[in-house]
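For reference, the structure is listed below as structure tokens.
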Amino acid sequence: MIHVRLPDGATRALTPASTAADLASAISPSLAKRTVAAVVDGQMADLNTPLPDGAAVELLPREDARALELIRHDLAHVLAEAVQTLWPGTKTAIGPAIEHGFYYDFERDTPFTPEDLPVIEKKMREIIAARRPFTREVWSPDAARAHFEAAGETWKLELLDAIPKGEPVTIYRQGDWLDLCRGPHMRHTGDVGGAFKLTHVAGAYWRGDATNPMLSRIYGVAFADKVALDAHLTMLTEAEKRDHRRLGREMDLFHFEEVAPGSVFWHPRGWRLFQTLIGYMRTRQEEAGYVEVNSPDIMDRALWETSGHWQNYRANMFLAQTEDDRDYALKPMNCPGHMLIYGQGTKSYRDLPLKLAEFGKVHRYEPSGALHGLLRVRSFTQDDAHIYCTPEQLTEECLKVNDLVLSIYRDFGFDDVRIKLSTRPESRIGSDESWDRSEDALSTALETAGHAYTVFEGEGAFYGPKLEYVLRDAIGRDWQCGTLQVDFNLPERFGSTYVAPSGEKLPPVMLHRALFGSLERFTGILIEHHAGHLPLWLAPVQVVVATITGAADHWAADVAETLREAGLRVETDLRNEKIGYKVREHALKKVPVQIALGTREADEQTVTLRRHGAPETQTMPLSEAVTALVRDAKAHGGA
Ligand SMILES: [Zn+2]
Ligand SMILES: [Zn+2]
């Protein structure tokens, strides 16, 4: 007999070579019916693999979150079978489960098109309805090679070559179809259920390498049930409508060019939005006692050697050489520049906390495949700051940063903020005492603010613990934006000190913090969160004054002038176009307030106001409109 342990601590005796399926049946027939997979000694396993003696076994029902990965992986196999049934001779490459779903790469003379997807999906549903059992077989490498050679599956031969000698070659079969696969899989194709959808096709290089042949990839999404699938599909449709790249074009905010991959060309409206964000942050930081500095963009390699970037981060840096044979790098981070500013002159405990802020533009080389509009770029502006303080001031400073960041997010309409605390990793610098104090400062800040947080044990950087602020947007997506990080490393590398009351020179405690994170990325998130309909205080053009007739041109000029004097961002539209045409055009550009002026308004010195989201237009005296708009333009989301 062998013995296995269940999660509740009970042990079960089974005959040798028993499987997890046998275990489930031995416990109860209804459990056996519900169980689709098992976790054996911490590893996902299929039900038909014999259990080792002494194993810890957990039986998983289909509803378990961990079964989702199997559902998705099973679907990749079902997809490949469907494709090869419909188009015999199509070669298969790889097909993993991914976040939200699965894909499979195929080689075929004509790549798949979106029109093929419903046909494939129908065939997949037939395979699922047939409940074909997944069976695992171990083959000899030679047998596997002979099989895939005969089948013309050249990509599988490459995968076979990559299996280290001595490791078993496993094959999963479903009916007549089979695949080279590590597993595990569920009991049969019926276990995947029906909550899936093929979403799109794309070209994909074999092994992601552009020097390899291009394969045709089919993507699908899959969930445990229809409710979760529908919610995801709704989110995808919403996300597409909100795509900041399209809205950025329609609203005339920015564009990209191949001459500067991942770098933004800001148009007047986009740059005004960007500067509104900077202006807002500058005001909030000044109120909070920060001082703004500016450090060079290009600095000598010697600085980056001192900071450690040259040794550890060079692959991500843009390098430059000059005629005098000096090596420079564009700054990927602002911190080293601030260390040099801190190092000027003697600092005393009376100078601390010193909070150096910079809207610093940093450059980081990202692979071109990773670039994505404003959300993933190669050059971006951080609302960066470094706080130098004494150990005694640390808790208070963390509290202040935490209060500031949450208050700022509220102003932008983000009320749902999740916070992660990452603590000391195995390999680290700094004394246990410093780590205790820093982790304690960060958690105290969160507890004082009454904010829930999740601890990620051991996930901190080697030089200090950190907080990360994750915003949940209007359609439920999470975006990590702000960070607050304690650093024991840089003050030591740069030999930074301050004079303590005792006259002793001590290293300051250093905090790195960014609240928006990247201003480019935050702009992209804001656009998507608001679906382009930015609140009045952020809109680059707040009011368009449009005429219905040339007879109102003079009145339009007066109205625009009055609104500008009241501090509003105003444009006029005096073109000889129909008012309906003008209204549609400015609505597409997401201008929040439109004022239409005809003969009647000009005679009566009134304005007709059309606000985004309001069902009707309103006619009122100009002074009344000015008061209302000025009031609304001052109000932040949370104010
Ligand atoms: Zn597989
Ligand atoms: Zn920093």
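Whatever order the structure lists ligands and atoms in, that order sets their numbers, starting from 1. Everything numeric here is computed off the predicted structure, so don't read it as measured data.
Inter-residue side-chain proximity for Phe274 and Leu519 is flagged as met; some heavy-atom pair is nearer than 4.5 Å.
The aromatic rings of Tyr104 and Phe106 lie parallel to each other, with less than 30° between the two planes, well short of the 60° mark. Ring-plane geometry between His77 and Trp177 is classed as perpendicular, the angle between the planes exceeding 60 degrees on a 0 to 90 degree scale with a lower cut at 30. Ring geometry for Phe522 versus Tyr409: interplanar angle under 30°, hence parallel rather than tilted (30 to 60°).
Of all protein atoms, those of element N, O or S that lie under 2.8 Å from the Zn ion (ligand 2) number 3.
Figure legend: cation-pi geometry between Arg364 and Phe318 absent, as NZ or CZ is not positioned both under 6.0 Å from the six-membered ring centre and within 45° of its axis.
The Zn ion (ligand 1) forms the vertex of an angle spanning SG of Cys181 and NE2 of His73; to the nearest 10 degrees it equals 110°.
With Arg513 as the partner, the side chain to side chain contact (heavy atoms under 4.5 Å, CB included) test is satisfied by one option alone out of Val401, Asn402, Leu467, Val405: Val401.
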